[in-house]
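Order of the sequence lines sets the chain letters (A, B, ...), proteins ahead of strands, with each chain counted from 1. Heavy atoms only: backbone and side chains are in, while hydrogens, waters and symmetry mates are out.
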Protein chains: 2
Amino acid sequence: MERKIPQATAKRLPLYYRFLNNLQHQGKSRVSSKELSLAVKVDSATIRRDFSYFGALGKKGYGYNVEYLLGFFRKTLNQDELTNVAIIGVGNLGTAFLHYNFLKNNNTKIVMAFDADPKKVGQDVEGVPIYPIDNLEEKLKDVRVAILTIPASEAQGVTERLVKAGIEGILNFTPARISVPNYVRVHHIDLAIELQSLVYFMNHYPLPDKEEI
Amino acid sequence: MERKIPQATAKRLPLYYRFLNNLQHQGKSRVSSKELSLAVKVDSATIRRDFSYFGALGKKGYGYNVEYLLGFFRKTLNQDELTNVAIIGVGNLGTAFLHYNFLKNNNTKIVMAFDADPKKVGQDVEGVPIYPIDNLEEKLKDVRVAILTIPASEAQGVTERLVKAGIEGILNFTPARISVPNYVRVHHIDLAIELQSLVYFMNHYPLPDKEEI
DNA sequence: ATCCTTTTGTGAAAAGAATCACGACTTCTA
DNA sequence: TAGAAGTCGTGATTCTTTTCACAAAAGGAT
């Protein structure tokens, strides 16, 4: 529980982790903050600063040892412990997640899904069982994280049931801003807003004048 | 092109817009920054500051007039002009977007999709035609924005074709960090990273001690 | 009319994040 | 072995964003 890692840094850690994995698969054994910067599109000084919160992980004049860094992040990101995840709502988006292979390079596993539609219940997508949403409380035993892909109108109600069932983290894909007790963490991903905000930036902001093909 | 709206503010605008719409549908004619704060979960001082970049939109002791504010944002967010969008890659995620009704409360419309699979090409999902990906350059005429939902390995190659075809904004759902010329804007949404970072925050950060049911 | 309550808009302060710039150390080359 | 080149780690700086806190204005009540 090392406090003091800035949130901005924490958000970049999984990104670094994935690219280091790529590097290792490519057989590279060392990497500089400059190379990494090119790959992940984050300023090299920022990368060095990010890493430095965890101590001196690199060597001057050499860079970072890929394997060592990877091992370090594996521990830091809890890659050894698997986090079980449930999908709530097997619509188009929910189905997309069921097919998404989170396990690769990741410490999370989708272990069950729920839906209100009796036609979907009982099926099995990619080995993941779909349960009736009425059984939420009963089935959610070893699951701490839920991905919410249901209609916005259901969001708050279902959220309250999730919380009672012991969920501690919610990835909310509905447009609703849900309320939760303070021990539950919610991340919002609002697809319509992302699209709209991209368009706004295109229309109103002179481009930052960086990157090239 | 009013420069000087902070990016953080710009990202919240579509959110405000949507909630104001909700309020209007509920028949409310006035709203205070405090009420709005409760609904969108953004500090009320931040909301007032955000609004203030556009001038004095409210009245002291009263709050904001919903209709007036809405009209103002409609103009600011370009709600009157429709932005055409193309989906690149009709897999599970791409299909989910095709079914997603962006038009409601939104100034964007999905007008076409592309896929490499001959079995998908020629079909029509929710009135949106699916073209072969080879025809990208030919078909993308009045489209400025693309949503990228293809395998990561294809991302950079297809991106370069999109850019040549005149695309100016890309919503990238692949894990690849794509390179583009500086006049093209890219927003990354990396689902695996979002999930991983939620787990990291759950494990490492004492909860911020706010919100309640 | 008067007073009380509500609520904005914004200076000023604080917090958070990115970037600059350079000393120190390492590796590489000859 | 010596000199050149490369790269980290980090103080200091700058930039961005959030939050505090309060004067000024408006509405509402009696």
Euclidean distance, atom [atom1] of residue [X] to atom [atom2] of [N] [Å, nearest integer]:
X     : N      : atom1 : atom2 : answer
B/L57 : C/dT7  : CG    : P     : 17 Å
B/F54 : C/dT10 : CZ    : C1'   : 16 Å
A/K41 : C/dT19 : NZ    : C1'   : 19 Å
B/K34 : C/dT5  : NZ    : P     : 14 Å
A/Q7  : D/dT17 : CD    : P     : 15 Å

Open item on the list: Closest-nucleotide mapping onto DNA chain C: is B/E35 or B/A45 further toward the 5' terminus? I mean the 5' end.
Closed with: B/E35
[X]: partners by side-chain contact (heavy atoms from CB on, under 4.5 Å), with sequence neighbours left out:
X      : result
A/F72  : A/F54, A/L57, A/T76
A/E81  : A/N78
A/S32  : A/K34, A/E35
A/V145 : A/T83, A/V85, B/L195, B/L198, B/V199, B/M202

Mind listing the side-chain donor-acceptor pairs of residues 45-52 of chain A below 3.5 Å, one per line with the distance, residues two or more places apart or on another chain?
residue: A/R48; atom: NH1; partner: A/S33; partner atom: OG; Å: 3.2
residue: A/D50; atom: OD1; partner: A/T9; partner atom: OG1; Å: 2.6
residue: A/D50; atom: OD1; partner: A/R12; partner atom: NH2; Å: 3.1
residue: A/D50; atom: OD2; partner: A/R12; partner atom: NE; Å: 2.7
residue: A/D50; atom: OD2; partner: A/R12; partner atom: NH2; Å: 3.2
residue: A/D50; atom: OD2; partner: A/Y16; partner atom: OH; Å: 2.5
residue: A/S52; atom: OG; partner: A/R49; partner atom: O; Å: 2.7

Open item on the list: Below 4.0 angstrom, which residues in residues 63-75 of chain B have at least one non-hydrogen atom near DNA chain C?
Closed with: B/G63, B/Y64
TODO: Could you identify which residues of residues 46-53 of chain B place a heavy atom less than 4.0 Å from some atom of DNA chain C, listed by residue number, or say none?
DONE: B/R48, B/R49, B/S52
Open item on the list: With ring-ring contact (aromatic ring centres under 6.0 Å, His included) as the rule and sequence neighbours excluded, what pairs involving residues 140-179 of chain B come up?
Closed with: B/F97-B/F173
Open item on the list: For a quick test of reading the model: is some side-chain N or O of B/S33 closer than 4.0 Å to OP1 or OP2 of C/dT8?
Closed with: yes
Open item on the list: Show every side-chain hydrogen bond (donor to acceptor under 3.5 Å, both in side chains) that has at least one partner inside residues 56-74 of chain A, sequence neighbours left out.
Closed with: none
N/O-N/O pairs, protein side and nucleotides 26-30 of chain D side, under 3.5 Å:
residue: D/dA26; atom: O4'; partner: B/K60; partner atom: O; Å: 2.9

Open item on the list: Tell me if the CG atom of A/D142 is crowded by more than 12 foreign heavy atoms within 6.0 Å.
Closed with: no
Task: B/R161 and B/E137 ion-paired at < 4.0 Å - done: yes
Task: Selection residues 166-175 of chain B - residue pairs positive for salt bridge (charged side-chain N to carboxylate O under 4.0 Å, His left out), sequence neighbours left out - done: B/R144-B/E168
TODO: Check every atom of D/dC8, D/dT17, C/dA18 against the side chain of B/A8 and return the nucleotide holding the closest atom.
DONE: D/dT17
Task: Residue list, ring-ring contact (aromatic ring centres under 6.0 Å, His included) with A/H187, at least two apart or on another chain - done: B/F201
TODO: Looking at every strand, decide which applies to A/T9 at a 4.0 Å heavy-atom threshold: base, sugar-phosphate, or nothing.
DONE: nothing
